[in-house]
Protein chains: 2
Amino acid sequence: MKLNGTTISDIAARANVSKSTVSRVLNDKSVVNQQTRKVVLEAMESLGYQANAFARSLASGRSMTVGVLTQKIGSPFYDMIMQGVIQGFAGTGYSPLFVDGQWEESTALEVIRAVLGRKVDGMLLLGGDLPEQQLNELKERLPTIVVGKEIPGWENQCVYIDNISAAYDATKHLIDFGHRDIAIIQGIKQHQDAMRRFDGYAKALADAGIELDPGLVLEGDFSAQSGIVGISSLLMRGKSFTAVFCANDMVAYGARLALQRHGIRVPEDVSIVGFDDQGESAYVTPPLTTVRQPGTEMGAAAAAGLVQLMQGKPCVLPTLQAELKCRESVARVLR
Amino acid sequence: MKLNGTTISDIAARANVSKSTVSRVLNDKSVVNQQTRKVVLEAMESLGYQANAFARSLASGRSMTVGVLTQKIGSPFYDMIMQGVIQGFAGTGYSPLFVDGQWEESTALEVIRAVLGRKVDGMLLLGGDLPEQQLNELKERLPTIVVGKEIPGWENQCVYIDNISAAYDATKHLIDFGHRDIAIIQGIKQHQDAMRRFDGYAKALADAGIELDPGLVLEGDFSAQSGIVGISSLLMRGKSFTAVFCANDMVAYGARLALQRHGIRVPEDVSIVGFDDQGESAYVTPPLTTVRQPGTEMGAAAAAGLVQLMQGKPCVLPTLQAELKCRESVARVLR
DNA sequence: TTGTAAGCGTTATCAC
DNA sequence: GTGATAACGCTTACAA
């Protein structure tokens, strides 16, 4: 790992060729004499040459960098996606530049500006709620793909799973196990995923001929704390229920804890299903039945698609399926 | 959010000044006439100017970017640190460029090369085990700070907590509660943190006059699975123990699950303490008693220190303390 | 306080 | 196949 400031000229001199030729072998595109190429390569090797990415970008107009806007580095689900994104770009020559929008529109706009100043060749938006106009301006300007959200008019530039049918399946699973009084603790209200998960829940109930009881739908914000609050509210009001569908796994953890605090057993007395299948969920007690979102695959698919787009090729994004992981937090209700 | 390719010349023309002047107001450093500055600023505003970071870096030699080598984006503890790093750089003008070493030396070296090609002004190393020589070459070349690890000869360039005394405290807590047969499920063997946590455990036992029973020390790798395996091994061999100190929280989750599978209650029959205090730990059942590592603070401190270093100032890194969070996974042993 | 001009390390366009 | 040479957009002495 030599760490010097060797430039293209140095190696040109060393190899007795012109800068142009060096540049050619560097970019591998145009044809260079086998022998010449070899000499140049050797010169690079011995001088420990490392191309200056800035000079390259400035001259070529391409940065080989893509901006990745996250909403909160550190959230379990987006971490999976980020992993996938990293994997997806590995070996493509593009480097992801992560910036964090912190769930705030103004912050998001600001970091996007910053990243545009770095002349990224493309943009990956992980979740988040940018105003439509900004979104479209972005899309106009450079290849952009959105992960974890469906946006009208962005067909083929969004990677997401069908939250409605995933939530439908989760709820139906509960119904199949004999549950009828199924509570739901929701995610952040304006959040697209949260709304769709509710819709799926409602639809499953409707299809099973179960009337939706507003007293069983609780607000929440994707946090464990909101799971605790949700259960407490239910209990305090004396609502009877045998199952809870949680907006995500963190909410499920909180719900499970609150239940146990009240001496209510999971799954014997109350069943729980979560959403996301974050890493811990297979190991909590009882192991959580939850909807697995293929986060890694989503990230990787988005990255791959973006690379296609940046190379001017059309891109086809796969339709990814969520999958219900049946573990041990759901039991058949005794009748 | 205008997204055009306006350059310094455009705004120079618009403001009837030279490029140099525009550059001056851009960099805020040298003195510019109040009136002139105002005109230039207005021109920038109206044209939606966004400086080209590459051209800037190429000309100035500074990139205002720092490379952050992570070991595995997505691991709970490093996520906390990353959060802190992002916060720490916010508003400083520097942007972190995250690259992932994947716990592999060759990968790490490769991504470091890549990041050096991007002419980062500094490096932040989050954990990881680079060979000493590479490390020192790096340090020679540019401001570098290591987080989560103590390296001899890098005094004042490492941010870490004292794992030995943290593990000592955790173990002592168990001892204070009357436990004497305390098992430990370790982290990855060569890992510095893992070794120190073992040392702290051993020291606490020794200080309490408890002989260390090799049959109670289990290998592990920081995964939940290794927690399960550890407990199973203990049980299979019929070892008697009343407490388990786990290398991290994931291991603790696994241990707790394995215990429950065997009908052993936590904390009534066996107490557990973890390490890290990842976000879920306060909400699992029972809420986990664990050592809280101030990950966010560590990341932020490292970032702040690096900024100092990059500006040629000396930096003082704070000594951060781990803290035992007593929750509900530890009980007094009945005698 | 402001302007001129020489780079910074590459790529890209022409000739040769 | 290869080599000049002009960009690329900005910073920075050096003058004015």
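Side-chain atoms are counted along with the backbone in the values below, which use heavy atoms only and exclude waters and symmetry mates. Just so we're on the same page: letters track the sequence lines, and every chain starts at 1.
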Starting from [atom2] on [N], measure out to [atom1] on [X] and report it in whole angstrom.
X      : N      : atom1 : atom2 : value
A:K119 : D:dC10 : NZ    : P     : 8 Å
B:L58  : D:dT11 : CG    : P     : 11 Å
B:R24  : D:dA13 : CZ    : C1'   : 10 Å
B:R62  : C:dC8  : CZ    : P     : 16 Å
B:N27  : D:dG9  : CG    : P     : 17 Å
A:K29  : C:dT10 : NZ    : C1'   : 18 Å
A:N52  : C:dT11 : CG    : C1'   : 13 Å

* To do: Determine whether more than 12 heavy atoms belonging to other residues, nucleotides or ligands lie under 6.0 Å from atom CD of A:E132.
  => no
* **B:Y94, OH atom: more than 12 neighbouring heavy atoms under 6.0 Å** => yes
Proximity to the side chain of [X] - top-ranked nucleotide from [options]:
X     : options              : answer
B:A59 : C:dT2, C:dT1, C:dC8  : C:dC8
A:S20 : C:dT10, D:dA4, D:dT2 : D:dA4
B:S18 : D:dG9, C:dT4, C:dT11 : C:dT4

* Does B:V17 or B:S60 map to a spot on DNA chain C nearer the 5' end, using the closest nucleotide for each? -> B:V17
* Asked: Pick the nucleotide of DNA chain C nearest each of B:Q34 and A:S9; which residue has the one closer to the 5' end?
  -> B:Q34
* List in chain and number order the residues that pass side chain to side chain contact (heavy atoms under 4.5 Å, CB included) with A:T65, two or more places apart in sequence or in another chain; answer none if no residue qualifies. => A:S63, A:L97, A:V120, B:R118
